Amino acid sequence: MSISIPRGTQDILPEEVELWQQIETKARELCRNYQYQEIRTPIFEHTELFLRGVGDTTDIVQKEMYTFEDRGGRSITLRPEGTAPVVRAFVEKKMFGQAQQPVKLYYMGPMFRYERPQAGRFRQFVQFGIEALGSTDPAIDAEVISLAMNLYKEMGLKKLKLIINSLGDQESRKAHREALVNHFKPRIGEFCHDCQTRLEKNPLRILDCKQDRDHELMKTAPSILDYLNDESKAYFEKVKQYLTQLDIPFEVDAKLVRGLDYYNHTTFEIMSDVEGFGAISTLCGGGRYNGLVEEIGGPNTAGIGFALSIERFIAALKAEGIEPNVGEGIDCYLAAIGQEAKDYTVGLLQQLRLAGFSAERDYLDRKIKAQFKAADRLKAKYVATLGEEELKNNKISVKNMATGEQTELALDAFVEQFLKLHG
RNA sequence: GCGGCUGUGGCGAAGUGGUGAACGCACCAGAUUGUGGCUCUGGCAUUCGUGGGUUCGAUUCCCACCAGUCGCCCCA
């Protein structure tokens, strides 16, 4: 073994690519129906974008970014998530001014986070995500959630769990934040080191702490849902109403906070509910981020979106025993005996392919028997054999591999006659 | 960043401190000198992750490192 693949990355081999493409195709199709358009942003951005966009108290920024200095001395970061880059493009290309509003975008591509790999976690992974910018209608929250749910369902996943929460607007968050600080401050010494830091920076995330989850103050902690002002409460109710209307079951979890700083109002997560799935069961996460566009330097614009990982999608499909459709066999394998015949197949092969058939031949100078074996492995529907006899008589033998039937076609009209035979 | 487990041919997998490292699958060849899927026969690891140590001797014992894997933190 010489050089190996970098830690946390993976080669997706042809066999596996089949499933990837099925998911990608389904996602694009769904986006078309929902009227989300693809946007492609660079794989790296100025580090500053993520510091501002993702939030400098987050784990992503604090310990997971692939950051380096380029030759011009600029600090560059491989994108750890897709929302900040999309918002950057939205602001920079002034999409807030385009005729079609709200602006509904989707992206699909690799993201990078420097983490210790484990089941369902990679250093390079592929996210599919959508963003709807410029609307505060709760119906679009439901639309975003439903797109993700429908993608999973259409690929065959059954065991899904949707969890939603509302963090409320600025005013509600502020009131809740104060209540949290007052609640934890007197006894913060009993909490883990991280929580002590969180108290000042982002007390909301204390609720998310797994280490101190059993502490009595956790159970009595003020719930965000009790601090939503009337407007926020009404908004959340409307989102839930639409989800119900769409027959999408959900669970409300007031502790669902999400790791990124920019969220407000609706947050949600879709988890796999399959027995024996890895420790990481979150398939998709998202939420509303009404202040983010302004933070990045654009006009006050509402936004909501989600991101899901294709790797975890595939893991969930496998956990539920869903197999990709196996590829069809090839139409014709050209077997040849003797150099003259082998030379002749070069042209025939091209004719077949240009006529729309999938066709293959032997390139390892194998014997006829081995060529048939290869054809069988390719699940060839027909094998056309060309030898001295055929060449002499301007014929080519064509065998139907399923029935074993063999017929002869005119060599100089092979493709036309094969077209009829193949149907 | 921390912890558990693992590291033998293309893949799966047994094994022992001491001449030649089971077996299965896959692959290749032949039986069948121009025809696949079945069967039979034969072939296929100067070598047991890397480096060091213990020993007369190590794939097997010890240490370090590396890699994989699962979990913690956190996330997609």
Side-chain angles (χ1 to χ4, degrees), chain A residues 1-10 54 57-65 79-83 107-129 148 192-195 198 205 208-213 256-260 269-272 276-286 305-316 329 333-338 341 362 364 366-391 396-406:
Chain A
M1 269 304 192
S2 44
I3 299 173
S4 59
I5 194 169
R7 161 167 278 198
T9 64
Q10 51 187 162
V54 179
T57 66
T58 61
D59 276 21
I60 289 182
V61 167
Q62 288 192 333
K63 53 183 203 188
E64 296 172 3
M65 294 207 301
R79 63 181 185 194
E81 58 105 44
T83 301
Y107 58 85
M108 206 172 333
M111 304 294 164
F112 305 85
R113 293 186 198 172
Y114 192 87
E115 296 191 271
R116 189 83 185 264
Q118 70 181 73
R121 170 187 293 159
F122 306 91
R123 289 188 174 177
Q124 176 177 330
F125 57 100
V126 176
Q127 279 191 342
F128 160 62
C192 72
H193 180 75
D194 284 343
C195 282
R198 286 171 184 145
R205 294 190 61 221
D208 215 21
C209 182
K210 304 291 189 295
Q211 269 181 62
D212 296 321
R213 57 155 53 122
L256 178 65
V257 167
R258 312 269 327 130
L260 287 65
E269 229 170 71
I270 300 169
M271 334 242 298
S272 171
F277 199 68
I280 298 173
S281 56
T282 302
L283 301 178
C284 171
F306 71 69
L308 64 84
S309 130
I310 311 285
E311 289 83 355
R312 288 186 189 176
F313 199 152
I314 287 172
Y333 188 94
L334 278 179
I337 303 151
D362 170 65
L364 295 175
R366 281 186 284 217
K367 296 183 178 164
I368 186 67
K369 178 185 166 65
Q371 291 186 48
F372 265 81
K373 204 170 173 184
D376 196 53
R377 202 172 290 135
L378 290 168
K379 286 182 277 191
K381 296 187 186 107
Y382 293 91
V383 174
T385 304
L386 195 61
E388 281 171 36
E389 264 177 57
E390 285 86 352
L391 279 174
I396 183 163
S397 308
V398 178
K399 182 172 181 177
N400 180 322
M401 294 297 273
T403 64
E405 232 176 304
Q406 186 154 312

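Excluded from the calculations below are hydrogen atoms, water molecules and symmetry mates; all remaining heavy atoms, backbone and side chain alike, are included. For clarity, every value in this text was computed on a predicted model and none was experimentally measured. Lettering follows sequence order; numbering is per chain, from 1.
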**Q** Does R377(A) make a side-chain N or O approach to OP1 or OP2 of rC27(B) shorter than 4.0 Å?
**A**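 Result: yes.
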**Q** Whole angstroms only, please: what is the CG-P distance between D59(A) and rA76(B)?
**A**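 One finds 11 Å between P of rA76(B) and CG of D59(A), rounded.
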**Q** Kindly check if the number of other-residue, nucleotide or ligand heavy atoms within 6.0 Å of CD (Q62(A)) is above 12?
**A**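 Counting other residues, nucleotides and ligands, CD of Q62(A) exceeds 12 neighbours.
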**Q** Rounded to whole angstrom units, what separation is found between the CD atom of E115(A) and the C1' atom of rC72(B)?
**A**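 Roughly 12 Å, once rounded to whole Å.
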**Q** What protein N or O atoms touch nucleotides 37-40 of chain B N or O atoms at under 3.5 angstrom, if any, and at what distances?
**A**
residue	atom	partner	partner atom	Å
rG37(B)	O4'	D376(A)	OD2	3.4

**Q** Tell me whether the side-chain N/O atoms of R121(A) come closer than 4.0 Å to OP1 or OP2 in rC74(B).
**A**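 Answer is no, no contact under 4.0 Å.
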**Q** Whole angstroms only, please: what is the CZ-C1' distance between F125(A) and rC75(B)?
**A**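 Taking atom C1' of rC75(B) as the reference, CZ of F125(A) is at 8 Å.
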**Q** Between rU6(B) atom P and Q118(A) atom CD, what is the distance in whole Å?
**A**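 Result: 19 Å.
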**Q** Applying a 4.0 Å non-hydrogen cut-off, can you work out what A119(A) is touching in the nucleic acid: base, sugar-phosphate, or nothing?
**A**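 Sugar-phosphate contact only - A119(A) comes under 4.0 Å of backbone atoms but never of a base.
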**Q** What integer distance in Å separates M271(A):CE from rA76(B):P?
**A**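 Nearest whole value for this atom pair: 12 Å.
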**Q** Would you say rC28(B) has OP1 or OP2 under 4.0 Å from some side-chain N or O of R366(A)?
**A**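 Yes, such a contact exists.
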**Q** NA contact type, L283(A), heavy-atom cut-off 4.0 Å: base, sugar-phosphate, or nothing?
**A**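 The residue L283(A) makes sugar-phosphate contact but no base contact.
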**Q** Between atom CZ in F277(A) and atom C1' in rG71(B), what is the gap in whole Å?
**A**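 Distance check: F277(A) CZ to rG71(B) C1' gives 15 Å.
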**Q** Can you tell me how far P in rU47(B) sits from the matching atom in rU59(B), rounded to whole Å?
**A**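 Straight-line distance between the two P atoms is 11 Å.
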**Q** Measure from CZ on F122(A) to P on rA76(B) and round the result to the nearest Å.
**A**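 Nearest whole value for this atom pair: 15 Å.
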**Q** Classify R123(A) by what it touches in the nucleic acid, base, sugar-phosphate, or nothing, heavy-atom distance under 4.0 Å.
**A**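 No contact.
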**Q** Dot-bracket for RNA chain B, please, read 5' to 3', with Watson-Crick or G-U wobble pairs under 3.5 Å on both distances, ( ) within the strand, [ ] crossing, | other strand, . unpaired.
**A** (((((((..(((.....[....))).(((((.......))))).....(((((..]....))))))))))))....
**Q** Round to a whole Å and report the spacing from CZ of F372(A) to C1' of rG34(B).
**A**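 My rounded result for the distance is 9 Å.
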**Q** Which part of the nucleic acid, if any, lies within reach of F313(A) when heavy atoms closer than 4.0 Å are counted: base, sugar-phosphate only, or nothing?
**A**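 The residue F313(A) makes no contact with any strand.
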**Q** Contact class for E81(A) vs. all strands (heavy atom < 4.0 Å): base, sugar-phosphate, or nothing?
**A**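 Here E81(A) touches no strand at all.
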